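Predicted, not measured: the structure shown is a model, and the values here were computed from it. Position 1 is the first residue of the sequence, and the numbers go up from there. In each ligand, atom 1 is the first atom listed, and ligand 1 is the first ligand listed.
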Amino acid sequence: TCSNTRSSTGNGACNCAGNSASTGISNGATHHARTATMPESNLSYTLTYFDFPGRGEPVRLAFAIGGIPFENRTVTGAEFAAMKSAGELPYGSVPVLDIHDGENTTRVAQHVALLRYVGRLAGLYPTDPIEALKVDEATYFADEFGQCIFAAMAPMRYGFAPYANDEEKAAMRQRLAAEVLPKLLAKLNTIIEGNGSGFVVGPSITIADLKWYFHIGMVLSGFVDDIPP
Ligand SMILES: N[C@@H](CCC(=O)N[C@@H](CS)C(=O)NCC(=O)O)C(=O)O
């Protein structure tokens, strides 16, 4: 099983033998329509991220759903800060994926890129270029939704002035929740209804579902103050 994917207990190898039930995602009968494209290789993987379901979570889920063994390395804020100041993070952020090939390790960042890579291995990303394009479209649309929330969580990181006080913070986030996010979610509903399978794109689960699952989960969990579930 893959109990480590949501663990807060730190480092641990995650050898999930294709047990998608452990992810909490129900992909129903269409699960069997997926064909994992994992090549025969000696590669092994370590994903480094925090122990909460942020940007690294859809990548962990893709590994788990695909039954691809990986080390789910969770770091504390202090461990993250140490890695960052030591220059170990290519973009100064997590998640990062270490791809081990014998003696050599390649470290890659940017969660959408990681999600697409693991999605390919896991059979969660179409091989047909047009279908892949549609999955990318829905995935980047989810990113648009997520960026609105991330900007509200850390305005200075995006070049905006810091909140003057808690009232201003609440007002800005409530406006986002009342006026901006519902329009994007209405569009998502239209896309899902138009697709007709219950998934965002095509007949079965893809990385686009995982990316939306992460962003919507963040809202529904009440993780972001003043953005009501
Ligand atoms: N564009 C990057 C952003 C990654 C990112 O901002 N990660 C956050 C955690 S979800 C982080 O590392 N924040 C701490 C910091 O930037 O100091 C991606 O999509 O992976």
Side-chain angles (χ1 to χ4, degrees), residues 4-11 14 23 45-64 68 70-99 105-122 124-125 132 135-163 169 173 176 181 184 188 200 206-227:
N4 261 327
T5 48
R6 280 182 182 268
S7 157
S8 58
T9 54
N11 305 345
C14 179
T23 65
Y45 301 102
T46 303
L47 186 80
T48 301
Y49 190 63
F50 300 119
D51 69 356
F52 59 78
R55 287 176 177 94
E57 183 72 353
V59 187
R60 290 194 281 234
L61 290 172
F63 271 124
I68 300 166
F70 74 110
E71 182 190 359
N72 180 30
R73 179 184 175 209
T74 54
V75 287
T76 63
E79 287 165 341
F80 166 80
M83 290 179 83
K84 184 167 176 158
S85 61
E88 294 173 11
L89 302 172
Y91 294 84
S93 61
V94 285
V96 290
L97 180 67
D98 291 326
I99 305 173
T105 294
T106 305
R107 173 163 286 182
V108 190
Q110 298 296 339
H111 83 283
V112 180
L114 303 183
L115 181 58
R116 190 179 294 124
Y117 172 74
V118 180
R120 278 200 188 96
L121 303 182
L124 298 167
Y125 189 74
V135 169
D136 287 346
E137 180 186 38
T139 302
Y140 284 107
F141 180 43
D143 204 57
E144 183 179 325
F145 179 88
Q147 293 295 347
C148 294
I149 296 169
F150 292 136
M153 288 168 72
M156 290 176 72
R157 188 173 168 191
Y158 289 76
F160 299 119
Y163 295 119
K169 180 173 99 171
R173 292 180 178 191
L176 185 67
L181 301 183
L184 298 174
L188 174 64
V200 180
T206 68
I207 61 167
D209 296 281
L210 302 185
K211 175 78 169 142
W212 273 109
Y213 175 79
F214 139 53
H215 288 298
I216 291 175
M218 187 171 270
V219 170
L220 290 181
S221 69
F223 185 81
V224 191
D225 292 349
D226 302 308
I227 298 198

Heavy atoms, side chains only, cut-off 4.5 Å: are [X] and [Y] in contact?
X: Val200; Y: Thr206; result: no
X: Val59; Y: Tyr45; result: no
X: Asp143; Y: His111; result: yes

Which protein non-hydrogen atom lies closest to [atom], naming both residue and atom, and how far is it?
atom: atom 1 (N) of ligand 1; result: Gln110 OE1, 2.7 Å
atom: atom 13 (N) of ligand 1; result: Arg157 NH1, 4.0 Å
atom: atom 5 (C) of ligand 1; result: Arg55 NH1, 3.3 Å

Look at ligand 1 and say whether [X] reaches it with a heavy atom at a distance under 4.0 Å.
X: Phe150; answer: no
X: Val94; answer: yes
X: Tyr91; answer: no

Problem - Arg60 side-chain N/O to Leu47 backbone N/O, donor-acceptor pair under 3.5 Å - result: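 Not confirmed, Arg60 side chain does not pair with Leu47 backbone.
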Practice task
Taking Arg173 for its side chain and Ala152 for its backbone only, find out whether a donor-acceptor pair lies under 3.5 Å.
Solution key: yes
Practice task
Check ligand 1 against Lys84 and write out every atom of the ligand that is under 4.0 Å from a heavy-atom position of the residue.
Solution key: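 Going through ligand 1 atom by atom, the ones under 4.0 Å from Lys84 are 15 (C), 16 (O), 17 (O).
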Fill in the blank from the handout: If we number the atoms of ligand 1 from 1 as shown, the ones under 4.0 Å from a heavy atom of Phe80 are 12 (O), 14 (C), 15 (C), 17 (O)
Problem - Within reach of ligand 1, part of Tyr49 (heavy-atom separation under 4.0 Å) - result: side chain
Exercise for the section: For Ala109 and Pro90, work out which heavy atoms get closest and say how close. Expected result: CB-CG, 4.3 Å
Exercise for the section: Examine the side chains of Tyr213 and Glu57 and answer whether a donor and an acceptor come within less than 3.5 Å of each other. Expected result: no
Exercise for the section: Could you tell me whether some N/O pair between Ser93 and ligand 1 is separated by less than 3.5 angstrom? Expected result: no
Exercise for the section: Please say whether His111 places an N or O atom under 3.5 Å from an N or O atom belonging to ligand 1. Expected result: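 N/O-N/O distance below 3.5 Å exists for this pair.
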Completion exercise
Residues at least two apart in sequence or cross-chain that pass side chain to side chain donor-acceptor pair (under 3.5 Å) with Glu144, listed by chain then number, are none
